[in-house]
Structures are given as C-alpha cells and as structure tokens.
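Reviewing the structure listed below.
Quick note: residue numbers are just sequence positions, from 1.
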Amino acid sequence: MDSQDWDDRYAAEELVWGVDPNLWVVRELTGRAPGHALDVAAGEGRNAIWLAGQGWDVTGLDFSAVAIERAERLTAELPDEVADRLTWRHDDARSFDPSAAGYDLVLVAYLQVPARDRRVALRRAADALAPGGTLLVIGHDLRNLAEGVGGPQDPRVLYGPEDVLADVADHGLTVVRAESVLRPVGGDPGHKGQDDGQNGGGTAVDLLVRLERGAA
C-alpha cells in the first residue's frame, strides 16, 4: 500500500486503530524515565499520545497525511501539558532524516512493508538513536498466518524477530529482547481488535524486539 492507499483507508473509517496504546508499548515502557522519542509510522498517534502522557517529548511521523491530520486533531483535545510534548511530521519511514541529536527512544510499531523497505526503515530508525537509546520494534509476525488471527495476510509484509536483528546487525546494538509474543484480540462485537482493525476474538502472534545503543 502506498501513501494514497493509506490516506483512503484512514479517511474511510474513524480511528482505524482506536485510541488505546499498544499493549507491548505499555508493557515495555511503563515506568521508564522519559526523554525524547520518535514514533515511526505513528498512524493516528495513539502510542505517541500515550508516551507524551508519560512525560516523553515525542515526534510522530507517518506518510499518510490523513493520519497526521487525525493525530493533530486528537492532540488539540489534550491538556496543554501533554499536547505541548507532541510534534507531528508528514514523512516517510524509508527516507526521513534522523535527528542529529538523536532520540532516547525510537518506536516502530506495525510497519508492515516488503523486506527491502523494512530494512531501509529500520536502519534509519537505528541511526536516529542517541547513545543509551532504545529501539523498540513491534509487528505482525510471519507465524501469525498459520497460528494467529487478524493482521495482514500477505507473507511479503510479515517478518520475525530474527529479520529485525539481521536488518540492523551492523549498528552495534545490544539485544534486550527478541521474541514472538501472543496478543489477545478483543471479541466484543462493539470493540475493534487492537492493532489489526478487525472484530472477533482470538490470539495474534506479534514480534517484539527491544535493542539498546551503548552509552557514549
């Protein structure tokens, strides 16, 4: 899907992914001392907004202009002390210019693109890390096709923890966590399944990779 496809998808539905943050983001980052964060492929901003509420200064970028407009609208409804910590950029994960100062956290959640594009995006994300920074990658695992529910059904945009490690193998990052994890998908007919945009119960298989750059 290109940016126009995503513009059309976001325009056709109100809050495609809902407003609650991803459960792995919450699990991995709750209680961590806040700093400067970059949310790559931020969508409508649910994870970035949660991070800002935890005290982080967050830049969220996405190549869908409609998604960024939604994020800006949600930000306008937030208390000033949270909204002031959020910056939105209409940009592409494959070509954005990493901050020279670096980020204490770079989040890449559910960036489901072909392997070549994913590799470019993840390497840019790694380049954006400051000394001591964390790269957190979450996605729909290739195993989800046979073992889980929801998510993309095209194996070309699915991958596993080992693929993430291979993509950034030469960036000198330390592996904290690299695994497949099981995520419950909501079964309430009135509740959208988190992270896959689908209703119905079941369990999804996600990949979760947490890497850290050594301190200077």
Quiz prompt | Set of residues satisfying side chain to side chain donor-acceptor pair (under 3.5 Å) with respect to Arg118, sequence neighbours excluded | solution = Asp167
Quiz item: Quick one: side chain to side chain donor-acceptor pair (under 3.5 Å) partners of Asp170, sequence neighbours excluded?
Solution: Arg123
Quiz prompt | Neighbour count >12 (heavy atoms, 6.0 Å) for atom CZ, Arg116 | solution = no
Compare every heavy atom of [Y] with every heavy atom of [X], then report the nearest pair and how far apart it is.
X: Asp141; Y: Gly160; result: OD2-CA, 4.1 Å
X: Leu136; Y: Val25; result: CD2-CA, 4.5 Å
X: Gly139; Y: Tyr159; result: CA-OH, 4.3 Å
X: Leu158; Y: Pro152; result: CD1-O, 3.8 Å
X: Asp92; Y: Leu61; result: C-CD1, 4.3 Å
X: Gly60; Y: Ile68; result: O-CD1, 4.2 Å

Under 3.5 Å, is there a donor-acceptor pair between the side chain of [X] and the main chain of [Y]?
X: Arg124; Y: Phe96; result: yes
X: Asn144; Y: Val149; result: yes
X: His140; Y: Asp206; result: no
X: Asn47; Y: Asn22; result: yes
X: Arg85; Y: Glu81; result: yes
X: Asp104; Y: His36; result: yes
X: Asp62; Y: Gly43; result: yes

Using the rule that two of Ile, Leu, Val, Met, Phe, Trp, Tyr join whenever any of their side-chain heavy atoms come within less than 4.5 Å, decide whether [X] and [Y] are in one cluster.
X: Leu165; Y: Val113; result: yes
X: Leu207; Y: Val175; result: yes
X: Leu111; Y: Val157; result: no
X: Leu23; Y: Tyr110; result: yes
X: Val58; Y: Leu74; result: yes

Practice problem: Check side-chain contact (heavy atoms from CB on, under 4.5 Å) between Thr30 and all other residues, then give those that pass, not counting sequence neighbours. | Solution: Val26, Trp50
Quiz item: What pairs with Asp97 under side-chain contact (heavy atoms from CB on, under 4.5 Å), at least two apart in sequence or on another chain?
Solution: none
How long is the gap from [atom1] on [X] to [atom2] on [Y], to the nearest 0.5 Å?
X: Trp56; Y: Tyr103; atom1: CH2; atom2: OH; answer: 12.5 Å
X: Trp24; Y: Leu107; atom1: CH2; atom2: CG; answer: 14.5 Å
X: Thr87; Y: Asp57; atom1: OG1; atom2: CG; answer: 8.0 Å
X: Leu105; Y: Arg32; atom1: CG; atom2: CZ; answer: 6.0 Å
X: Leu38; Y: Leu135; atom1: CG; atom2: CG; answer: 10.0 Å
X: Thr75; Y: Asp84; atom1: OG1; atom2: CG; answer: 10.5 Å

Could you pull out every donor-acceptor pair under 3.5 Å between side chains of residues 208-216 and any protein atom, sequence neighbours left out?
from, atom 1, to, atom 2, distance (Å)
Arg210, NH1, Glu28, O, 3.1
Arg210, NH1, Glu28, OE1, 3.1
Arg213, NH1, His171, O, 3.3
Arg213, NH2, Ala126, O, 2.8

Quiz item: Hey, does Pro98 have a side-chain heavy atom less than 4.5 Å from the side chain of Leu129?
Solution: no
Quiz item: Side-chain contact, heavy-atom cut-off 4.5 Å: Leu78 with Leu86?
Solution: yes
Practice problem: Share the residues that join Leu182 in a hydrophobic cluster, the rule being Ile, Leu, Val, Met, Phe, Trp or Tyr side chains under 4.5 Å apart at the heavy-atom level. | Solution: Val205
